[in-house]
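Here's the structure, in structure tokens; my notes come after.
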Amino acid sequence: MSETANATETEGEPTSEKLVELAKRRGYFFQSSGSYGGVGGFYTFGPQGAALKGNVEDAWRDRFAVAEGNMEIDAPTIMPEPVFEASGHLEGFDDMLVECPDCGESHRADHVVEDDTEYEDAESLPIPEVEEVIAEYELVCPSCGAGLAGQAVEAFNLMFATNIGPGDSQPGYLRPETAQGIFVEFPRLKEYARNQLPFGVTQIGRAYRNEISPRRSIIRTREFTQAELEYFVDPETDEPDLERVENVEVALYPASEQQTDDGEVIETTVGAAVEEGVIGDPWVAYFLGVAKPWYESVGVDMDRFRFRQHLSGERAHYAADCWDAESEIDGNWIELAGFAYRSDYDLSKHAEHSGDRFTVFRQYDEPKTVERATVDPDMSYLGPEFGGDAQTVVSELEALAGRDRAAFEGDAVEIDLEGETREIPVEKTGFAVEEETIAGEHVTPHVVEPSFGVDRLVYTVLHHAYREDEVDGEERTYLELPPEVAPTFVGVFPLQNDADLEAQADEIVDDLREAGLSVSYDDSGNIGRRYRRQDEVGTPFCVTVDYETIEEDQTTVTVRERDTTAQKRLSVDELAETLTAIREGDLAFDEL
RNA sequence: GCGCGGAUGGUCUAGUGGUAGGACCUGAGCCUUCCAAGCUCAUGGCCCGGGUUCAAAUCCCGGUCCGCGCACCA
């Protein structure tokens with residue numbers, strides 16, 4: 001796979017340019033709203049692209065939801081403002097930009113302030129204050145040195161804002177990641193998991209970011225598809241089953257290697273990487289081990305694939321360890337997925353903001369018995385006695401019972417009420433020491449988050465599948481897509497314009513479609529042209545009906561394989577069955 | 001958001017102040033017993049707006065979009 005791949009990389013225009021052209025021409029993807037001049041950062045997947053993307057999503061679902069025993073949900077793309085107040089996107093997703101009046105460069109205003117003043121967390125300052133600081137310190141443009149005083153600082157939030165319902169009473173935002181839709185519904189989702197940790201919830205869907213500068217076709221867009229898994233674990237008791245992935249070979253690029261000049265990618269196994277502490281968190285290691293063979297199965301070239309650890313500065317403060325899956329495109333590494341241990345950050349934030357309970361009850365092996373001091377004050381006494389302060393008195397009594405049981409040993413208990421010491425007869429407090437059985441405790445689960453970018457993966461799969469070779473002296477372009485994800489699985493052709501051949505071919509098309517295969521019928525031009533057409537969209541097999549097919553008793557057709565152009569004769573009766581087996585990966589063309 | 005470069009049929013491209021040509025693709029037909037062959041015919045285009053001009057696809061300005069660099073990428 002890799003030899004031809006590298007050959008196509010070495011000369012001529014970059015594969016990306018040829019691929020983008022092919023994608024446009026053959027219906028993989030193209031810029032949206034072209035008739036209206038186009039709009040930056042939005043792409044439409046054409047017939048081939050939509051099928052490929054759908055197949056990739058199905059493969060992801062099979063592996064990360066079905067095979068892992070996780071549950072999939074489908075949440076809205078619009079959520080109300082409080083969700084993003086809790087998640088931190090409303091504030092943290094906001095960049096402050098200031099433009100230089102001389103050279104026109106835009107800079108992060110908070111960075112300018114932090115670099116040249118004693119302020120350390122300028123991002124949290126309100127904008128007018130940042131403007132004042134810039135004026136006060138006479139800060140200058142980092143590029144050209146011109147004064148920035150008096151320049152407006154603009155807030156730029158990467159979330160798309162909208163209004164829910166008529167008027168502007170309820171602001172909402174298009175989600176900048178699919179994850180919040182899972183976190184927000186946690187209290188209900190944990191019920192579906194029967195309150196048992198660990199459990200995982202997946203979601204495949206669109207997310208939106210109003211990027212300042214979308215780039216490089218579908219690699220960085222404003223609307224994109226994510227496939228995310230939020231795996232909820234009990235941080236004290238749950239451990240991944242590393243044995244299942246310990247022998248998976250991985251290429252790791254740890255932070256320590258990135259920080260040296262001649263840092264190298266380490267070829268190792270998941271098991272060894274955990275043992276040697278290269279991967280800090282075993283859950284992250286587990287999912288790296290699941291992801292690697294999966295990426296290979298959908299067509300990512302493993303010679304152009306690695307896991308890169310985030311540098312400490314790159315990592316969110318709550319994340320213990322974070323790795324990205326990366327693929328190489330024309331010499332550049334792009335992020336395909338992130339694997340982060342997010343601790344209880346997300347659930348705690350939503351618990352705090354919503355007031356709902358984002359915990360799971362962890363039952364002790366043995367119930368614990370504890371003594372607890374309680375009060376049950378006689379309000380018919382406290383009310384008349386203390387009037388409006390009665391509730392304060394109750395609170396004081398409760399607190400006192402918790403911290404100083406001995407205070408209730410006499411006939412009266414003393415409490416402090418606004419600096420004044422007051423006495424209350426113990427018999428009126430309802431003081432009691434009770435034995436209580438505690439069966440367990442409420443735990444906020446920690447979250448392990450493998451988060452996949454689907455569009456970038458589709459791009460990588462196409463890019464890594466792109467091939468140029470020669471057949472009988474003629475140049476050929478083809479996509480070496482794995483049969484499992486190829487948008488069209490088989491082309492069916494009559495050898496020539498001939499009513500009998502066409503009739504037989506039609507019948508075969510019906511049979512194959514009935515068997516659930518994606519079939520393309522083509523009877524135009526000569527046979528070679530039709531093969532090349534299918535090669536270019538990556539159709540793995542072509543079936544040709546010739547005169548032998550209709551003359552013989554035992555009807556056969558030729559089946560031609562895309563990558564080698566080799567042909568074999570197969571009986572029509574077993575055609576659907578054989579091709580289905582190949583698509584399922586149970587049979588190889590070579591074995592026919 | 002800034003700087004540089006670009007935008008001509010579906011795709012790739014030639015070109016000039018007087019509204020455009022090629023190649024491939026696509027469709028119809030002929031030919032053709034397995035790899036982009038040949039022949040005939042057909043469809044289809046100057047990114048948008050303004051300005052200069054008798055006349056603008058061409059020159060100028062603005063915008064949109066694309067590529068690259070800077071910045072950004074929670």
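Chain letters run A, B, ... following the sequence lines, proteins first, then strands; residues in each count from 1.
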> Could you state the CG-P distance from A:Asp523 to B:U26, rounded to the nearest angstrom?
Replying inline: 12 Å

> If you measure from the C1' atom in B:C24 to the same atom in B:U19, how many Å do you get, rounded?
Replying inline: 25 Å

> In whole angstroms, how far is the P atom of B:A71 from the CZ atom of A:Arg215?
Replying inline: 12 Å

> When the C1' atoms of B:G5 and B:A56 are considered, how many whole Å apart are they?
Replying inline: 23 Å

>> Using a heavy-atom cut-off of 4.0 Å across all strands, would you classify A:Ser217 as base, sugar-phosphate, or nothing?
In response: sugar-phosphate

>> Tell me which nucleotide, if any, is Watson-Crick or G-U wobble paired with B:C70 when both distances must be under 3.5 Å.
In response: B:G1

> Which whole number of Å gives the distance between the C1' atom of B:G63 and that of B:G27?
Replying inline: 37 Å

> Using purine N1 to pyrimidine N3 plus N6-O4 or O6-N4 for Watson-Crick, or N1-O2 and O6-N3 for G-U wobble, each under 3.5 Å, what pairs with B:G62?
Replying inline: B:C48

> Given that A:Arg220 and A:Gly40 both sit by RNA chain B, which one's nearest nucleotide is further toward the 5' end?
Replying inline: A:Gly40

> Which one, B:C68, B:C35, B:U32, comes nearest to the side chain of A:Arg216?
Replying inline: B:C68

> B:U43 and B:A28: how far apart are their P atoms, nearest whole angstrom?
Replying inline: 15 Å

> Contact class for A:Gly453 vs. all strands (heavy atom < 4.0 Å): base, sugar-phosphate, or nothing?
Replying inline: nothing

>> Partner lookup for B:U53, please. Criteria are Watson-Crick or G-U wobble with both distances under 3.5 angstrom; report none if nothing qualifies.
In response: none

> If you measure from the P atom in B:G18 to the same atom in B:C25, how many Å do you get, rounded?
Replying inline: 33 Å

> Quick one: which of B:C12, B:C34, B:C35 gets closest to the side chain of A:Asp546?
Replying inline: B:C34

>> If you only use heavy atoms from C-beta on, which nucleotide in B:C35, B:C34, B:U11 is closest to the side chain of A:Lys24?
In response: B:U11

>> So, OP1 or OP2 of B:A37: does either fall under 4.0 Å of a side-chain N or O from A:Asn526?
In response: yes

>> Rounding to an integer number of angstrom, what distance separates B:C47 and B:C72 when you compare their P atoms?
In response: 35 Å

> Hey, does A:Arg476 reach any base, or is it just sugar-phosphate, or nothing, if we go heavy atoms under 4.0 Å?
Replying inline: nothing

>> Taking 4.0 Å as the cut-off, does a side-chain nitrogen or oxygen of A:Gln31 come that near to OP1 or OP2 on B:C66?
In response: yes

>> Which is more 5' along RNA chain B, the nucleotide nearest A:Gly525 or the one nearest A:Arg532? Just name the residue.
In response: A:Gly525

> From the list B:C34, B:G67, B:A36, which nucleotide is the closest neighbour of the side chain of A:Thr544?
Replying inline: B:C34

> Is the gap between the ring centers of A:Phe287 and A:Tyr231 under 6.0 Å?
Replying inline: yes

>> Applying the Watson-Crick and G-U wobble criteria at under 3.5 Å, what pairs with B:A14? Answer none if nothing qualifies.
In response: none

> Between A:Ile550, A:Asp546, A:Asp498, which is the residue that forms a side-chain contact (heavy atoms from CB on, under 4.5 Å) with A:Gln504?
Replying inline: A:Ile550

>> Between the base of B:C35 and the side chain of A:Arg560, is there a donor and acceptor pair under 3.5 angstrom?
In response: yes

> In whole angstroms, how far is the C1' atom of B:C73 from the CD atom of A:Gln226?
Replying inline: 13 Å

>> At less than 4.0 Å, is any side-chain N or O atom of A:Gln567 found next to OP1 or OP2 of B:C34? Yes or no.
In response: no

> Over how many whole Å does the gap from A:Asp522 atom CG to B:C25 atom P extend?
Replying inline: 13 Å

> Is a side-chain donor or acceptor of A:Ser32 paired with a backbone partner of A:Thr44 at a separation under 3.5 angstrom?
Replying inline: yes

> Rounded to the Å, how far apart are A:Glu475 CD and B:C35 C1'?
Replying inline: 15 Å

> Phosphate oxygens OP1/OP2 of B:C12: is one of them under 4.0 Å from a side-chain N or O of A:Lys18?
Replying inline: no

> From the list B:U26, B:C68, B:U33, which nucleotide is the closest neighbour of the side chain of A:Arg533?
Replying inline: B:U26

> Counting any heavy atom closer than 4.0 Å, what does A:Glu17 reach on the DNA or RNA strands: base, sugar-phosphate only, or nothing?
Replying inline: nothing

> Can a salt bridge be assigned to the pair A:Arg25 and A:Glu536 using a cut-off of 4.0 Å between side-chain N and carboxylate O?
Replying inline: yes

>> Say we look at B:G9 and B:U33: how far apart would their C1' atoms be, to the nearest angstrom?
In response: 36 Å

>> I want to verify a distance call: between B:C2, B:U11, B:C35, whose nearest atom is closest to the A:Asp472 side chain?
In response: B:C35

>> Whole angstroms only, please: what is the CG-C1' distance between A:Leu22 and B:C25?
In response: 12 Å

> Taking the side chain from A:His353 and the backbone from A:Lys349, do they hold a donor-acceptor pair closer than 3.5 Å?
Replying inline: yes

> Base, sugar-phosphate, or nothing: which does A:Asn497 touch, judged by heavy atoms less than 4.0 Å apart?
Replying inline: base

>> Between B:G21 and B:C54, how far apart are the two C1' atoms, rounded to whole Å?
In response: 27 Å

> Are A:Lys568 and A:Phe589 in a cation-pi setup, meaning NZ or CZ lies under 6.0 angstrom from the ring centre and within 45 degrees of the ring axis?
Replying inline: yes

> Is a donor-acceptor pair below 3.5 Å formed from side chain A:Thr558 to base B:C34, judging by atom type as modelled?
Replying inline: yes

> Just by distance, do the side chain of A:Arg532 and the backbone of A:Arg476 share a donor-acceptor pair under 3.5 Å?
Replying inline: no

>> Please classify the nucleic acid contact of A:Glu548 as base, sugar-phosphate, or nothing, using heavy-atom distances under 4.0 Å.
In response: nothing

> When we call it a touch if two heavy atoms are under 4.0 Å apart, what does A:Glu335 touch: a base, just sugar-phosphate, or nothing?
Replying inline: nothing

> Whole-Å distance between B:C31 P and A:Ile527 CD1?
Replying inline: 18 Å

>> So, OP1 or OP2 of B:U26: does either fall under 4.0 Å of a side-chain N or O from A:Arg529?
In response: yes

> For the side chain of A:Tyr531 and the base of B:C34, is some donor closer than 3.5 Å to an acceptor across the two?
Replying inline: yes

> Please give, in whole Å, the distance from B:A36 P to A:Phe493 CZ?
Replying inline: 13 Å

> Among A:Ile218, A:Val20, A:Leu19, A:Leu479, whose side-chain contact (heavy atoms from CB on, under 4.5 Å) with A:Tyr28 holds?
Replying inline: A:Leu479

>> Using a heavy-atom cut-off of 4.0 Å across all strands, would you classify A:Arg26 as base, sugar-phosphate, or nothing?
In response: nothing

> B:U40 pairs with which nucleotide, Watson-Crick or G-U wobble, both distances below 3.5 Å?
Replying inline: B:A28

>> Using ring centroids (six-membered ring only for Trp), state whether A:Phe305 and A:Tyr295 fall under 6.0 Å.
In response: yes

